[in-house]
Amino acid sequence: MNLHLKVWRQKSAQSEGRLADYEARNIPEDCSFLEMLDLVNEDLLSKGEEPIAFDHDCREGICGMCSLTINGIPHGPSETTTCQLYMRKFKDGQTIYIEPFRVGAFPLLRDLAVNRSAFDRIQQAGGFVSAHVGAAPDGNAILVPKTQADRAMEAAACIGCGACAAACPNASAMLFVGAKVTHLGSLPQGQPERDRRVLAMVRQMDAEGFGNCSNYLECEAVCPAEIPNSVIGQLNRDYASALVKDTL
Amino acid sequence: MNLLLSFWRSSIGKKWLVALSGLALLGFVAGHLVGNLQMFGGPSKINAYAEFLHANEKPLWVARIGIIAAFVLHVAATITLVLQNKSARPQAYQLGRNVQAKISTRTMAYSGLTVLSFVVFHLLHYTFRLTDPRFKVIAEGGLLETSHDVYRMVLLGFQSPLVSGFYLLSVGLLSLHLSHGISSAVQTFGLESKRSAQRIRQTGRLLSGAIFVGYASIPTAVLLGFLK
Amino acid sequence: MSLTLDSNIPSGPLAGKWEKHKFESKLINPANRRKFEIIVVGTGLAGAAAAATLGELGYKVKAFCFQDSPRRAHSIAAQGGINAAKNYQNDGDSVHRLFYDTIKGGDFRAREANVHRLAEVSVSIIDHCVALGVPFAREYGGLLDNRSFGGAQVSRTFYARGQTGQQLLLGAYSALNRQIAAGSVEMHSRTEMLDLVLIDGHAKGIVTRDLVTGEIKSWAADCVIMATGGYGNVFYLSTNAKGSNVTATYRAHRRGAAFANPCYTQIHPTCIPVAGDHQSKLTLMSESLRNDGRVWVPKKKGDSRPSSQIPEDERDYYLERKYPSFGNLAPRDISSRSAKEVCDEGRGVGPGGLGVYLDFADSIKRLGEDKIRERYGNLFDIYHQITGENAYQMPMRIFPAVHYTMGGLWVDYNLMSNVPGLFVLGEANFSDHGANRLGASALMQGLADGYFVIPYTIGNYLAPAIGKRPSTDHPAFKQTESEVRAQLQRFLSIKGRRSVESFHRELGLLMWDQCGMARSERSLTKALKRIPALREEFWQDAKILGDNESLNTSLEQAGRVADFLEFGELMCLDALARNESCGGHFREEFQTPDGEAQRNDNDYAHVAAWEYQGYGQAPKRHIEPLTYEEVKLATRSYK
Ligand SMILES: Cc1cc2nc3c(=O)[nH]c(=O)nc-3n(C[C@H](O)[C@H](O)[C@H](O)COP(=O)(O)OP(=O)(O)OC[C@H]3O[C@@H](n4cnc5c(N)ncnc54)[C@H](O)[C@@H]3O)c2cc1C
Ligand code: HEM
Ligand code: HEM
Ligand code: SF4
Ligand code: F3S
Ligand code: FES
C-alpha cells in the first residue's frame, strides 16, 4: 500500500518544528507502524536526509517506550501501543499525521521523541513500598484475596507510556498516577504508606505541570494497558481522605 | 479554613471543591425548579410560595449566602483550573482528535460561562427587576398587583420571545453542563466503579434532561398560551 | 596480562557452600559503605535490584541505562514466570530438586555451586517481591498460585498474568526509585556505556555517551557492575528488544574480560512466525501456553487444508509421540529442534511452511474459554494483533526464534569477572544456565544476582580497596574518552551508501543460517569467512548521517552493529571449537542415530572462556573445568 505521511520534524527543543510531507510506498499490510517508519527512514537515508527520530524498544507492546500520536490519537487506531499497530488498519492512499506526544511536562527531544522522566519523578515521590531486602516475611504469610490481587494486577499493568497525558485535553497524568496508587493501595503490603504515597505523588504530579482531570475519559480510551478510569476515582478518594487526615 | 486552603492548593483538592460546590448548586437548581413549577398551579399557588419564602428572611439569607459562596467558589476554582489545564499543553496538536469525550464534556467552560451570564441577567430581570419597568407594583407605575405577584411578572417576562429564547438557550446549556457535571462529580468523589460507570452516566444525562424539560416548560407554556 | 580463571568456589559440601561463603565474606561497616561509589550499568532485573539493594545498604550508586527510563529494560518483556523452590503445592519440590532440574536443564554445563545457590535464594526472591507489592497470581484462598513450566514436573513457577517480567521489573524499579528519592542512587537514563576504564588492571570507571546531547563523559568508581542483558540481537531477528546489544560486554571483553560460552544460544519454540522481509523483531508467545496447548502438524507433507479440516488421525502430535512423559512440555531446545525437523520434512504450516500448530481446542473444551482467557488472555490478544487471527477459534501458528543467550562474560562465584572490580550480573554473565536455560529461571537468576548475591560478595573486593578510587582526571580516563570519540568520528566519516540496518540484517541472517538452531563445521567455516568481509564492507560503506552532538539513532546503532560484527565471529569460533552437541548448541556432526544431541563429557565438560587478542586477531580459548561433586552426569532424557 502507499501512504501520504505528514511527520513532525524538529531538530531539537530549541529549534522550530514543522510537518514534513513524505510518501511511503509499497508498504506491506503485515508491517507494524514502526516497521513502516523503518522503511521510510531507509528511503530518507538513501536520499541523504536524516532519518526520523522516534522512541521504541521492545516492539511488543510492553516496555512503553514507543510514543506516537497518529492522526491526532496517541498510539493511533490500535487497541494497544504504536508498535503493535499494524498497517492493515489503514487504507491505501490514506494521509497519516504523525506527531509527538504533546504534553508540557514531556519536553520534546527531537522529531517524535519526548522526555518522559516526569513520570519517573512522580514514581520516585512515593510509588513504592519501603521493604528491605532480606526482611520480608514468607510470601504466603499475608493472604491476599484473589479479587484484591486481581485489582492490583489490573492497575499495575500500566506500561508508563504517557499516552493518557498525551490524549487528555488537559494533559493530565491522573490515569498514570491513579494506576500506581490503586495498585499499591489494593494490597495489604501497600497500606502503611498509603496516605503518604498519594499525597507525595500528587504533589509531584502538580509540580511537574500536568493538567487536572475533568473526566474527559480520553485517557482510558487510548490506554494500551486498559487501565480503567475508576483508578482516577480511587486516586481522588484516597487523596481527599489523606489530605483531610493530614490537615486535621 | 485550613482544610479549604489545603484543598484549594492542589489539583485534586480543587477538583473536589468544584464538585462539591457544583452539587450544592445542583441542589439549588432542583429546588428552584420545584418552586417555579408552581406556576402551573396558578397565581395563588406560586405567589403564596413567594410570600412564604420572603416571610422567612433569616433562613432565606442563610441559604442565599450558601449559594453565593458555592457559586463564587465554583467559578473561581473552575476558571483557575481551566487556565492551568490550558498551560499544561503549550503546543497544540496540528491535528487533534477525541476518541470518546462527549460534546457536553468538551464545552464545560462555555456552558458554565453562559450560565454565569444568564444568572447575572436573570437576577437583574426577576430579582432586582431592573430590566423591565412593568415589574413594579401598580402604585409605582408597574403592572404587578403586589410585590409577590411573581406569576404575573413571569408571564409578562416570557411573553417576549427574545427573553424566552434566551432563557431556553440558557437552561439548555445548563442542562448540557449538568449532563457531564453530575456523573463527573460522582467520579470525582471516586464513587464510580467499572461496572456502575455506564449507569451513572446515563442517570446523569437523564436528570439533566429532566431539569431542562422542567425549566423549559415555563417559557414554552407562556409562549404557546397555556399559561395566561 | 595473563588470564586466570579462578572460580573461587568455596570448599565444603554443596548445600553449605553459600552459607559458609556468606559468613566468610568481608563485611564493610555502614559508615564506610558511604565512602564507596559503585557504577551499575543496566537497570533490568539484575541491575535495578543490585542498584537498589546496594543503595539501601548505604553505598553510593550511579546507575545507567540507554532507555528513557529504568523501567523499560528488556526484562519487562518476560511473560511466563519465575521459578522458586517454595513447594507451596506440596508436589515434591525442594531446593535440591530445583538445583537438580536446573543443572540437568543446562545439559550439565553449569557450575554446581552457582546453581545450588540460585536454588537456595529463589525462596527469598518470592518473599521479597511480594513485600514490594508485586501482584502475583493468587488462589481464591489468598495463597500464591503456581503453574508448571517447560522442563519441570512440579508446579514451582510464580506468575503475574502473562506479565511476570513486567511486574518483577516494576517491583525492582520501585525499589530503585525509593533509593533515588533517598539520594543513595543517582540515575542516568538515555546514557550508553561505550567503554570500560581500567586502572592498574582494575575496573575503575566507564565512559558514556549522553544519547540526547552526545556528550562523552567519564565516571570513576570503586568498582563497576554490568547488568546489560543478552546479545540475542546478533541474529537481528530475535525476541529481544531492538536496543538489546552486546556493546557493553563486548567492549569490556576488549579490555580484557573473558567471554564465556558465546555459542550457547537458546532458541525459543513458541514465537510468532516471520511474516515478511520488513520484519524487525520476533514476538514470543510465552511457553506457559504449552501447558494447555497441544503442538501438532499434519502427517502428510504439504497438506494445505485449513487446520479445522484435518481430521484427528491425520494429525501428528509429534512432541507427545516422541516424548511421552514430558509431551508438550519438553525442554526448549528439544521442542525447537523438533519443530525445525517437521518443517524441514515439508510438514510445516503457514506462510513459507515455517510454522507448527499450537492448538487449544481440547483445553477450551475441558476448561471452558473463560478459563483459557483468564490464563492467557493477553497472549491471545497479542497474537490477534500481530496476525489478525483469533486463536480461540483456530490453532496458533508458532515457530522457534532466538530468545536468550546463556553465554556472557565469565565470572567467578562472587560474580566478578577476571578483571578485578568488574562484576557482571543477569543475562550478561555466563554463570548459571549452562548450555540451556529452563523456562522461568532467567528472572530468578537476575533477581538472585541483584538482590541476594552481589550485596554479599561485593565486599570481598571492596573491603581491601578502600580509599583507592581514582578521579576522572586520571590519564586512563582521558585516553579512553579520546578512543571513544575517535570511534564515533570514524563512523560519521565513512559516508558510504548502505544503511547500518542492512548490515545488521545481513549479519543476522547469516548467523541464523550458519550458527543457528543447528551448526556444522561446514556452516561455521562459511560464516567465519563471510563475517570479516562483511565487517570490512561496513567500515567502507556504512552510511551514517547527522552529527554526534544530538539525538542520533543511526549513530547509536552503528556502534552496536559494529560490535555485533566482531562478536558474531567469536560466537562462530566458539561453536566450532565445541565438538559436541549440548543444550542450546547443536552440532549436526554430533547427534545420536535418532537425532538427539550427543554430549561429549570427556572432552567438553568445561567452560570455554575467550581472551581478546586484538582487532582481527584470533582470540585465545581458555577453559575452566566443571567438576561435579553432587550430580552424576547423565544423558538428558525427556522420553
Ligand atoms: C520475550 C522474552 C520473554 C522472556 N520470558 C521469560 C520468562 O518467562 N521467565 C524467565 O525467567 N525469563 C524470561 N526471559 C529472559 C529474561 O527476561 C531475561 O534474561 C532477563 O530479564 C534479563 O535481565 P537483565 O537484568 O540481565 O537484563 P535486561 O533486562 O535486558 O537489562 C539490560 C539493561 O542494560 C542496559 N544496557 C544495555 N547495554 C547498555 C549500555 N551499553 N549502556 C548502558 N546501559 C545498557 C539496558 O538499558 C537495560 O537497562 C524472557 C526474555 C524475553 C526476551
Ligand atoms: C447553577 C449553576 C451550576 C451548576 C449546577 C454547576 C454544576 C457543575 C458540576 C456538578 C460540575 C462537575 C464537577 C466535577 O467534574 O466533579 C461542574 C463542573 C464545571 N463547571 Fe459548573 N455548575 C454551575 C455553574 C457554572 C458556572 C457559572 C461556570 C462558569 C465559570 C461553571 C464552570 C464549570 C466548569 C469549567 C466545570 C468543569 C471543571 C473541571 O472539571 O475541570 N459552572 N459544574
Ligand atoms: C424558567 C426558568 C426560571 C424561572 C421562571 C425563574 C424564576 C425566578 C424568579 C421569579 C425569581 C425571583 C424570586 C423572587 O425574588 O421573588 C428567581 C430568582 C432566582 N433564580 Fe430563577 N428562574 C428560572 C430559572 C433559573 C435558573 C436556570 C437559575 C440558575 C441557574 C436561576 C437562578 C435564580 C437565582 C440565583 C435567583 C435568586 C434567588 C434569590 O433571590 O434568593 N433561575 N427565579
Ligand atoms: S495509564 Fe495507560 S496510557 Fe497512561 S501511562 Fe499507563 S499504560 Fe500508558
Ligand atoms: S482524559 Fe483527562 S480529563 Fe481526566 S478522565 Fe482522562 S485524565
Ligand atoms: S516499543 Fe515497547 S511498547 Fe512499543
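Source: prediction; values computed, not measured. Atoms considered below: every heavy atom in the structure, side chains included; atoms not considered: hydrogens, waters and symmetry mates. Letters A, B, ... mirror the listed sequences (proteins, then strands); counts begin at 1.
Looking only at distances, a side-chain donor or acceptor of A:N236 sits under 3.5 Å from a matching main-chain atom of B:T188. Using a distance-only test at 3.5 Å, with no hydrogens or angles considered, no donor-acceptor pair links the side chain of A:N170 to the main chain of B:N85. The backbone N or O of A:G185 lies less than 3.5 Å from a partner atom in the side chain of A:Q191, making a donor-acceptor pair. The backbone N or O of A:V7 sits nowhere less than 3.5 Å from a side-chain atom of A:E99 that would complete a donor-acceptor pair.
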Step by step, would you call B:Q84 with B:K14 a side-chain contact (heavy atoms from CB on, under 4.5 Å)?
CA-CA 12 Å; B:Q84 255 170 29; B:K14 216 173 260 167; 3.8 Å; yes
For the pair B:F40 and B:F226, evaluate side-chain contact (heavy atoms from CB on, under 4.5 Å) and give the outcome as yes or no after the intermediate values.
CA-CA 9 Å; B:F40 291 101; B:F226 290 125; 5.8 Å; no
Hey, mind stepping through B:F121 and B:Y167 against side-chain contact (heavy atoms from CB on, under 4.5 Å) and telling me if it holds?
CA-CA 10 Å; B:F121 171 77; B:Y167 267 74; 3.8 Å; yes
Stepwise side-chain contact (heavy atoms from CB on, under 4.5 Å) check, B:S175 with B:Y215
CA-CA 10 Å; B:S175 121; B:Y215 275 117; over 6 Å; no
With side chain to side chain donor-acceptor pair (under 3.5 Å) as the test, would you mind laying out the steps for B:Q198 and B:Q202 before giving the verdict?
CA-CA 6 Å; B:Q198 215 42 38; B:Q202 274 161 5; over 6 Å; no
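Heavy atoms of A:V231 lying under 4.5 Å from chain B are absent altogether. Heavy atoms of B:L81 lying under 4.5 Å from chain A belong exclusively to its side chain. Within the 4.5 angstrom heavy-atom criterion, only side-chain atoms of A:L19, from C-beta onward, approach chain B. Proximity to chain A (any heavy atom under 4.5 Å) is shown, for B:R195, by neither the backbone nor the side chain. Only the backbone of A:P100 comes within contact range of chain B, with heavy atoms under 4.5 Å apart. For chain B, the nearby parts of A:V103 are the backbone and the side chain; heavy atoms of each come within less than 4.5 Å. With a 4.5 Å cut-off on non-hydrogen atoms, A:N71 touches chain B through its backbone and its side chain both. Heavy atoms of A:L108 lying under 4.5 Å from chain B are absent altogether. For chain A, the nearby part of B:A92 is the backbone; its heavy atoms alone come within less than 4.5 Å. At a 4.5 Å heavy-atom cutoff, A:D238 makes no contact with chain B through either its backbone or its side chain. Heavy atoms of B:Y93 lying under 4.5 Å from chain A belong to its backbone as well as its side chain. With a 4.5 Å cut-off on non-hydrogen atoms, A:T69 touches chain B through its side chain but not through its backbone. With a 4.5 Å cut-off on non-hydrogen atoms, A:A166 touches chain B through its backbone and its side chain both.
Considering every non-hydrogen atom in both B:G35 and B:I46, the closest pair reads O-CD1, 3.6 Å.
Heavy-atom pairs under 4.5 Å with chain B were tallied for A:G211, A:S214, A:A105, A:P169; the largest tally goes to A:S214. If you tally non-hydrogen atom pairs under 4.5 Å between each of A:S230, A:C213, A:G209, A:A171 and chain B, the highest count goes to A:A171. For the options B:H180, B:Q94, B:R106, B:K102, heavy-atom pairs under 4.5 Å to chain A are most numerous at B:Q94. The residue among A:N229, A:I232, A:V202 with the most heavy atom pairs within less than 4.5 Å of chain B is A:N229. With respect to chain B, the highest number of heavy-atom pairs below 4.5 Å among A:L243, A:I73, A:L248 belongs to A:L243. Between chain A and the options B:K86, B:R89, B:K15, B:R9, the largest number of non-hydrogen pairs under 4.5 Å is found for B:R89.
Between A:F106 and the options A:F176, A:F101, A:F210, a ring-ring contact (aromatic ring centres under 6.0 Å, His included) holds for only A:F210.
Taking the six-membered ring where tryptophan is involved, the planes of B:H125 and B:H122 are perpendicular, since the angle between them exceeds 60° and thus also 30°.
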